[in-house]
*Asks:* 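Mind having a look at this structure? Questions to follow.
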Amino acid sequence: MGTEDRNERIWRVVAAIPPGRVMGYGQVARRAGLGKAARLVGRALREAPDALDLPWHRVVRADGSIAFPPGSPLRAEQVRRLRREGVEVNAGRVRMPRIRDEADLDRLLWGEP
DNA sequence: TACTTGACCGTAT
DNA sequence: CATACGGCCAAGT
């Protein structure tokens, strides 16, 4: 599997995150079938074409913190977008529930059983 | 080829 | 709660 394939799989997963919910980098990697390649997710998002219009702001660290350094423009932008969706962000960490596992994501995407 | 870098994670303390 | 550490893995130098 080449780099492009991996990126596309990652982008697909990120694009599926519903508004108001967030996923961790490692979580996205696992869901994309890339095991523990959490760092690849950050790379893929960095290299993602703007035209894809991905909801990249819905991807945070495993502990809920924002990956960008304090004071950076991207950090501010991510917080802005999350709050606009009703996600609480305190001290650079999200409070809204994260998507826990595949069953959770499936439920969100396909509706309650 | 060898070493460093980073939108990271899980576990231990 | 927070911090520390080892593990991870492709790209860049």
*Asks:* Under 4.0 Å from any heavy atom of chain A: name the first and the last nucleotide of DNA chain C that qualifies, 5' to 3'.
*Replies:*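 So the contact region on DNA chain C extends C:dA2 to C:dA11.
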*Asks:* So which heavy atom on A:Ile17 is nearest to which on A:Met23, and how close?
*Replies:*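 Distance-wise, the nearest heavy atoms are CG1-SD, 3.7 Å.
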*Asks:* About how many Å separate CG of A:Asn7 and CG of A:Leu52, when rounded to the nearest 0.5 Å?
*Replies:*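 Between A:Leu52 CG and A:Asn7 CG, I get 10.0 Å after rounding to 0.5 Å.
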*Asks:* Could you tell me whether A:Glu85 and A:Arg81 have a side-chain N and a carboxylate O separated by less than 4.0 Å?
*Replies:*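 No salt bridge links A:Glu85 with A:Arg81.
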*Asks:* Return the CD to CD distance between A:Glu47 and A:Glu4, rounded to the nearest 0.5 Å.
*Replies:*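 Interatomic distance, A:Glu47 CD to A:Glu4 CD, rounded to 0.5 Å: 7.5 Å.
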*Asks:* Roughly how many Å is it from CG in A:Leu82 to C1' in B:dA7, rounded to a whole number?
*Replies:*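 Whole-Å distance recorded here is 13 Å.
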*Asks:* Starting from the 5' end of DNA chain C, give me the residue, A:Arg46 or A:Asp63, whose nearest nucleotide shows up first.
*Replies:*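 In this pair, the answer is A:Asp63.
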*Asks:* How far apart are the C-alpha atoms of A:Ile10 and A:Arg43, what are their side-chain angles, what is the distance that settles it, and do they pass the side-chain contact (heavy atoms from CB on, under 4.5 Å) test?
*Replies:* CA-CA 10 Å; A:Ile10 290 169; A:Arg43 179 184 305 286; over 6 Å; no
*Asks:* Using the closest heavy atom to pick a nucleotide of DNA chain B for each, name whichever of A:Gly24 or A:Leu40 lands nearer the 5' end.
*Replies:*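 It is A:Leu40 whose nearest nucleotide is closer to the 5' end.
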*Asks:* Looking only at non-hydrogen atoms, find the nearest pair between A:Ala48 and A:Trp11 and report the distance.
*Replies:*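 Closest heavy-atom pair between A:Ala48 and A:Trp11: CB-NE1, 3.4 Å.
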*Asks:* For atom P, what is the distance between B:dA7 and C:dG7, given to the nearest Å?
*Replies:*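 Looking at atom P only, B:dA7 and C:dG7 are 22 Å apart.
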*Asks:* To the nearest angstrom, how far is A:Tyr25 atom OH from B:dG10 atom P?
*Replies:*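 Distance check: A:Tyr25 OH to B:dG10 P gives 14 Å.
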*Asks:* Across the strands shown, which category fits A:Leu45 at heavy-atom distances under 4.0 angstrom: base, sugar-phosphate, nothing?
*Replies:*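 A:Leu45: base contact, heavy atoms under 4.0 Å.
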*Asks:* Let me spell it out: for each of A:Lys36 and A:Arg93, pick the nucleotide of DNA chain C with the closest heavy atom. Which residue's pick is nearer the 5' end?
*Replies:*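 Looking at the nearest nucleotide for each, A:Arg93 comes out on the 5' side.
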*Asks:* Could you tell me the separation between the CD atom of A:Glu47 and the C1' atom of B:dG6, rounded to a whole number of Å?
*Replies:*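 After rounding, the gap between these two atoms is 12 Å.
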*Asks:* What integer distance in Å separates A:Glu77:CD from B:dA7:P?
*Replies:*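 Answer to the nearest Å: 17 Å.
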*Asks:* Under 4.5 Å between any side-chain heavy atoms of A:Arg6 and A:Met1, yes or no?
*Replies:*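 Yes - at least one pair of side-chain heavy atoms lies under 4.5 Å apart.
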*Asks:* Expressed in angstrom and rounded to an integer, what is the separation of A:Arg61 atom CZ from B:dC9 atom P?
*Replies:*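 It works out to 8 Å between those atoms.
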*Asks:* Under 4.0 Å, counting only non-hydrogen atoms across every strand here, what does A:Arg75 touch: a base, just sugar-phosphate, or nothing?
*Replies:*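 Answer is nothing: A:Arg75 stays at 4.0 Å or more from every strand.
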